[in-house]
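Since the structure comes first, as structure tokens, the remarks are kept for the end.
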Amino acid sequence: RKEVEQDPGPFNVPEGATVAFNCTYSNSASQSFFWYRQDCRKEPKLLMSVYSSGNEDGRFTAQLNRASQYISLLIRDSKLSDSATYLCVVNTTSGTYKYIFGTGTRLKVLA
Amino acid sequence: GAGVSQSPSNKVTEKGKDVELRCDPISGHTALYWYRQRLGQGLEFLIYFQGNSAPDKSGLPSDRFSAERTGESVSTLTIQRTQQEDSAVYLCASSQGREANYGYTFGSGTRLTVV
């Protein structure tokens with residue numbers, strides 16, 4: 001099993017729709033979680049951290065489910081500019097302490 | 001500097017040649033990562049430096065790949081005897097510490113093409 005798994009998509013949604021992605025992780029000891037956004041042919045950029053109690057930043061909501069070992073990202077009122085690949089990042093304690101990126105979920109918001 | 005700087009931004013090399021990629025992390029960032037991203041694929045972890053600790057080299061795909069870091073500053077990734085399958089974007093990222101509570105900052109990458 002991969003340490004971090006994501007549905008590659010693409011998720012094609014109309015403007016204004018609500019869309020959610022999940023990301024599962026295998027290490028139950030993981031403590032730190034992030035969502036990154038990567039535009040085509042660009043480097044990844046931090047979108048938001050994921051806190052235990054869940055957190056919101058404008059139209060974006062991130063949640064953590066420790067029991068089922070997944071994190072989620074919810075995007076409300078999708079904009080064309082939200083089209084990108086969304087990467088989840090989880091820390092791992094196997095070997096040295098480091099972070100593992102998922103392969104990303106591609107989102108296309110359609111006009 | 002203000003961000004993570006990588007050079008060169010693009011590199012075309014002939015199969016069998018050695019290449020050296022450079023990363024200048026944000027000043028004061030103790031953690032530095034190298035990743036590889038092939039076209040249309042996810043990020044593949046290569047190597048991780050944290051302060052003066054021994055680097056985690058567990059992601060390096062073969063002994064043709066090596067990386068060094070001078071203290072908490074510049075890092076170089078060297079690929080010897082390049083192969084066509086080495087063609088990818090090589091991304092460097094740095095963070096303030098092991099916990100990376102503020103996430104990583106990525107450089108814009110070096111696009112390597114082996115012909």
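Computed from heavy atoms alone, side chains included, the values below leave out hydrogens, waters and symmetry copies. The sequence lines fix the lettering, A, B, ..., with proteins before strands; numbering per chain opens at 1.
- Counting heavy atoms of neighbouring residues, nucleotides and ligands inside a 6.0 Å radius, atom CD of B:Gln37 exceeds 12 of them.
- Separation of atoms CZ (A:Phe101) and OH (B:Tyr33) is listed at 8.5 Å; rounding is to 0.5 Å.
- Summarising the geometry, atom OH belonging to A:Tyr99 is positioned 13.0 Å from atom CZ belonging to B:Phe45; distances are rounded to the nearest 0.5 Å.
- Side-chain heavy atoms closer than 4.5 Å link hydrophobic residues (I, L, V, M, F, W, Y) into clusters, and following such links, possibly through other members, connects B:Leu43 to B:Val89.
- B:Leu39 CG: 12 or fewer foreign heavy atoms inside a 6.0 Å radius.
- Looking at B:Glu44, neither its backbone nor its side chain comes within 4.5 Å of chain A, counting heavy atoms on both sides.
- The contact between B:Ser58 and chain A is made entirely by side chain atoms (from C-beta outward), counting heavy-atom distances below 4.5 Å.
- In this structure a side-chain-to-backbone donor-acceptor pair under 3.5 Å is present from A:Tyr36 to B:Tyr104.
- Atom CD of B:Glu14 is surrounded by 12 or fewer heavy atoms from other residues, nucleotides or ligands within 6.0 Å.
- Of the listed residues (A:Arg106, A:Arg41, A:Gln6, A:Gln38), the one with the most heavy-atom contacts under 4.5 Å to chain B is A:Arg41.
- The hydrophobic cluster containing B:Tyr90 does not contain B:Phe106, counting ILVMFWY residues as joined when their side-chain heavy atoms lie under 4.5 angstrom apart, directly or transitively.
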